[in-house]
Chemist: 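Pasting a structure below so you can have a look.
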Amino acid sequence: MQPPWPLTSPCGALREFTSRFHPVRDCAQPDSPADQECPVLSAPVSLHDFATGQLTNLLRAVGLAGSANTATKLLSEALGPGSRLPLSSSPLWPSFVADDHTPVEFSVALARNERPAVRMIVESLAERPDGQANLAAALGVLDRLADRHGLRLDQFERVRELFLPDDPQGDFAFWYSLIVHPSSQEAIKVYLNPDVRGRENGTALVTEGLSRLGLSAALPAVTEHGLRRTGLDRFSFFALDLTDEDRARVKTYVSHDDAVIADVVRAAAAVPDTDPELLADVCELARGGTGPFSRRPLMSSYTFMSGDTDRPSGYSLYIPVRDYVQDDLEACERVLAIMARCGLDTTPFVMALASIVQRPLGDGVGLIAHVSLRLGRPKPGVSVYLSSEAYDVTPPRTTALSA
C-alpha cells in the first residue's frame, strides 16, 4: 500500500518547518559539550530538565496543559537522582528504553471521539547507575509514589520476588509507565522482565506470574495463538497497573522474530472482537509490504481485565516502524496513512510531533519509534511512540527497507 498523502501533507509541512527552525536544544547536543554554559540557560542542561521540558511542550500541544505541573513532577520523581547530572555527550547508563539510551520515551494514545492521552516509559537512574542500583532507585520511587498517589501494590507484591531477584539479568529489571489522561488523575504501570532470571526461564516465569494473579486459565489461549513458532515467539514484558484489582490490567507481551503478517493475525485471534483485516492493513502500511519483519520484531500484547478467565480481552500490536523506513519523514507518512485507515483525526499526532521534533525529519530515523494498534477492550485505537533523542540522532538510511 502507498500512503495516500501528497508532498503537501502535514509531514511535508513539518519538513519545511524544521528545516527553518532550530530550537535552543543545541546547547545540549553532543557536539556542544553539556558542561559548557549554554548562552540562553544559566546552567548546564540536565537529562531531567531536558525531558521534563519536552513533556511540558508535548502536553501543551495535545491540550493537556492543565496536567503539566503534576505530570512533570511525576516524571521528575520516576527518573531518579541520576537524571539530575549534566546531559553529557554519552549516557551514564545504557538504558534500552530508547535507541540512544535515553531512559524515557513518550507516546500519544489516540482513539475515536476521545481526547488524546500522553504516556511515558521511564527507567529510574541511580546517582551512580548500574543494574542493581537502578532497581533500588526505582523501588525507592515506588514507595514514595505509593504514599503520594494512593497506589495499590497488591498484585505487584504477589509477583515481586519472581521478577526482581537480587542479581537481575537481561536488558532491564523495572520500568515505569506514566499515563496522563485527559479527564482523570495520572495512572502508573510497571514493566517487568521475563528474562530477568535468564531467557530460558522466561516462559516459566510468566506462567507462574499469571498463576499467582489467578489467570492460569487464560494462558493456553496466549500460548496457542501467540507462541506457536518455537524459538521465534517469546515473552518479552510483563506489566501491571498499580490500581485496585477491579480496574487493574495485567499485560503479557510476546515478541515475534522474523514474522509475516499472517503470524500476528493468528496471534490476535486469541482475543474476541479483533479485526484481522484492519490488523493486516496496518502492518502493511507500516512495513510498506507484507514482510517479513526481519529487523526489530513485531510485538503482541495481551490485556487481562477483571473477570477474564479463559482468554484475554484486549490485544495490541507494536510495530517498530523506525526499522522499516529510510527516515522520519517516511515514518511520519506511514503513521498518517495508518491513522487514516483507522478513521482517526491526525491533528493531535501532528501537534505532538511538532512539539518534540528538534531537527528536519529527513535528517534522522527513530524519532518516530513505534506505532501500535489496540483492538478489543478496553479502548481500541492507535498509539505513536516518540523518542526524546536526548543523546543522539540515528542517521537516515541511504535506501528504504520496504522492498
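As the structure is a computational prediction, the values presented were derived from the model and not from experiment.
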Chemist: Should we count CE of Met351 as having more than 12 external heavy atoms under 6.0 Å?
Modeler: no
Chemist: Within the supplied structure, the quantity of interest is the number of heavy atoms (other residues, nucleotides, ligands) at a distance under 6.0 Å from Arg144 CZ; does it exceed 12?
Modeler: yes
Chemist: Do the ring centers of Phe163 and Phe238 come within less than 6.0 Å of each other?
Modeler: yes
Chemist: Any carboxylate oxygen within less than 4.0 angstrom of a Lys/Arg side-chain nitrogen, looking at Asp263 and Arg229?
Modeler: yes
Chemist: Other residues, nucleotides and ligands only: do more than 12 of their heavy atoms fall within 6.0 Å of CG on Asp273?
Modeler: no
Chemist: Side chains of Arg374 and Ser383: donor-acceptor distance under 3.5 Å anywhere?
Modeler: yes
Chemist: The test is salt bridge (charged side-chain N to carboxylate O under 4.0 Å, His left out); show your working for Asp244 and Arg152 and say whether it passes.
Modeler: CA-CA 6 Å; Asp244 60 88; Arg152 297 293 297 272; 5.5 Å; no
Chemist: Between Arg212 and Glu208, does at least one N-O distance fall below 4.0 Å, as a salt bridge requires?
Modeler: yes
Chemist: Looking only at side chains, do Ser255 and Ser236 share a donor and an acceptor under 3.5 Å apart?
Modeler: yes
Chemist: What distance do Asp195 atom CG and Asn193 atom CG have between them, rounded to the nearest 0.5 Å?
Modeler: 5.0 Å
Chemist: Rounded to the nearest 0.5 Å, how far does CG of Asp100 lie from OG of Ser95?
Modeler: 9.0 Å
Chemist: Could you tell me if Arg84 and Ser76 have a donor-acceptor pair between their side chains, going purely by distance under 3.5 Å?
Modeler: yes
Chemist: CH2 of Trp93 to CZ of Phe172: how many Å apart, nearest 0.5 Å?
Modeler: 12.5 Å
Chemist: Give the intermediate values and the outcome of salt bridge (charged side-chain N to carboxylate O under 4.0 Å, His left out) for residues Arg322 and Asp99.
Modeler: CA-CA 10 Å; Arg322 66 192 184 281; Asp99 291 347; 2.7 Å; yes
Chemist: Identify the residue among Trp175, Phe237, Phe235 that makes a ring pair (Phe, Tyr, Trp, His ring centres under 6.0 Å) with Tyr253.
Modeler: Phe237
Chemist: Please round to the nearest 0.5 Å and tell me the distance separating atom CG of Leu329 and atom CG of Leu367.
Modeler: 11.5 Å
Chemist: Check this for me: Arg197, atom CZ, are more than 12 non-hydrogen atoms of other residues, nucleotides or ligands nearer than 6.0 Å?
Modeler: yes
Chemist: Quick one: does Asp323's side chain get under 4.5 Å of Arg397's, heavy atoms only?
Modeler: yes
Chemist: Are Glu105 and Arg119 close enough for a salt bridge, meaning some N to O gap below 4.0 Å?
Modeler: no
Chemist: Output all residues satisfying salt bridge (charged side-chain N to carboxylate O under 4.0 Å, His left out) with Glu157, sequence neighbours left out; order by chain, then residue number.
Modeler: Arg160
Chemist: Could you tell me the separation between the CD1 atom of Ile338 and the SG atom of Cys283, rounded to the nearest 0.5 Å?
Modeler: 8.5 Å
Chemist: Using 0.5 Å steps for rounding, measure from the CG atom of Asp308 to the CZ atom of Arg249.
Modeler: 12.0 Å
Chemist: Does the side chain of Tyr191 pick up a donor-acceptor pair with the side chain of Ser177 at under 3.5 Å?
Modeler: no
Chemist: Checking Ser388 against Gln54: is there a side-chain donor and acceptor pair closer than 3.5 Å?
Modeler: yes
Chemist: Just jot down the ring pair (Phe, Tyr, Trp, His ring centres under 6.0 Å) partners of Phe293, sequence neighbours excluded, or say none.
Modeler: Tyr324
Chemist: Is the shortest distance from a Lys or Arg side-chain nitrogen in Asp241 or Lys189 to a carboxylate oxygen in the other one below 4.0 Å?
Modeler: no
Chemist: Let me see the working for Lys73 and Glu77 under salt bridge (charged side-chain N to carboxylate O under 4.0 Å, His left out), right down to the final yes or no.
Modeler: CA-CA 6 Å; Lys73 288 180 179 177; Glu77 183 85 50; over 6 Å; no
Chemist: Could you walk me through whether Tyr315 and Ser300 pass side-chain hydrogen bond (donor to acceptor under 3.5 Å, both in side chains), step by step?
Modeler: CA-CA 7 Å; Tyr315 175 84; Ser300 297; 2.6 Å; yes
